[in-house]
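Here the structure comes first, spelled out in structure tokens, and everything after it is commentary.
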Amino acid sequence: MEQSQRTDDKGIGLLRGRDGLRLLLSLWDNFPEHMFIIRVDGPDEFIVEAINPAHEKTLGKSTDITGQRIDAILPRDAAEPVIQRYRHCVATGEPYRYEECGYFVDEQGMRQEGHWLTLLVPISDMNGRVHHLFGISKNITEVIRARQEVEAQNRILEERVAERTRELEKANAELKHQATRDFLTDCYNRRHLTEIARLEMERARRYDMPFTLALIDIDKFKAINDQHGHNEGDRTLRALATCLRKAMRRPDILGRYGGDEFLVLMPETDITGARVISGRLQDTVRKQCGQTISIGLAQLKPSDGKLESIIERADRDLMSVKESRKKSP
Ligand SMILES: Nc1nc2c(ncn2[C@@H]2O[C@H](COP(=O)(O)OP(=O)(O)OP(=O)(O)O)[C@@H](O)[C@H]2O)c(=O)[nH]1
């Protein structure tokens with residue numbers, strides 16, 4: 001049988017006895033949390049019947065709210081949620097527990113915002129009509145403030161972590177860039193270029209596609225360094241890299257192989273196509289950089305075991321181009 005429906009006096013006999021009322025009043029007077037009784041006069045009519053001394057203390061000495069309607073005590077926007085909760089409790093006939101925000105008067109008489117955990121219990125007549133609500137509100141202001149403080153700290157920490165993550169990602173991207181790029185010209189460095197070249201070789205073999213390398217050397221580069229200084233030589237290398245990048249086709253890959261030598265990887269291109277592209281590169285470089293370049297080409301053969309063998313062939317081709325240039329400049 002439900003606790004509220006029990007008819008015997010077991011356990012509550014004391015309350016039914018002579019001293020019961022005095023005991024309950026003493027509890028009401030000494031209970032450290034808010035206690036209140038609301039009379040239900042209609043769907044929107046909730047009258048404060050009584051509040052215990054702890055509740056009175058919180059409201060401040062000058063405030064007497066007993067006998068008043070909730071919507072007469074509180075401003076409209078504050079009264080509305082309170083009335084809704086009371087209505088809910090009346091409608092369901094069940095106890096209702098909720099957190100609420102309100103104001104209290106502190107030791108110095110100052111009005112402060114506070115938080116309460118309230119348990120509302122409906123009291124019904126024989127027909128089940130709820131005629132009163134009994135409430136207990138525990139002050140949880142400190143708990144809520146501590147929770148808000150932790151949440152604020154968490155937000156600060158999360159922001160710091162996010163900021164640190166962004167910095168690390170940026171540093172990683174920068175490191176990756178530095179590891180793969182030539183510091184002078186910003187095109188791929190030899191190590192990264194040869195890694196890509198090996199992958200392209202494998203891809204060409206697997207899909208039976210042509211693959212050609214172009215080894216590019218600046219003509220008489222030593223003379224630029226000797227006559228105009230190393231800085232001018234560096235500037236020429238940078239200008240050449242920019243010029244080649246602009247003149248190349250999108251899928252082709254440029255890197256600095258070393259010194260004044262650049263390597264262009266041409267996937268899906270045979271030696272005939274590579275010759276056409278090389279001629280175009282030489283024209284562009286001559287017109288835009290005022291420089292001539294020699295180009296050695298080599299196409300991947302089935303007999304090429306390692307990348308080095310195809311590069312060696314391109315190098316030999318470059319040497320013979322240079323030799324023939326020297327013979328007929
Ligand atoms: N300024 C500059 N010079 C470099 C750099 N790396 C290599 N060199 C110079 O590039 C020159 C390369 O010389 P070579 O390719 O042998 O000579 P070249 O004058 O181009 O001769 P040909 O290729 O036969 O026309 C050398 O003088 C190197 O010192 C660099 O990063 N900056």
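Just so you know, ligand 1 is whichever comes first in the structure, and atom 1 is the first atom listed for that ligand.
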Pair Arg249, Thr269: side-chain N/O donor-acceptor within cut-off below 3.5 Å: yes
ILVMFWY network linking Met266 to Ile216, side-chain heavy atoms under 4.5 angstrom: yes
Test salt bridge (Lys or Arg N to Asp or Glu O under 4.0 Å) applied to Asp226 and Lys222, step by step: CA-CA 6 Å; Asp226 292 348; Lys222 190 170 177 305; 3.1 Å; yes
Donor-acceptor contact below 3.5 Å, side chain Gln282 vs main chain Ser294: no
Sorted by chain and number, the residues that approach ligand 1 to under 4.0 Å with a heavy atom: Leu184, Asp217, Ile218, Asp219, Lys220, Phe221, Lys222, Asn225, His230, Gly233, Asp234, Leu237, Arg256, Gly259, Asp260, Lys322, Lys326
Ala274 to Thr212 - nearest heavy-atom pair and separation: CB-CG2, 3.5 Å
Exercise: do His177 and Asp186 side chains pair donor with acceptor under 3.5 Å: yes
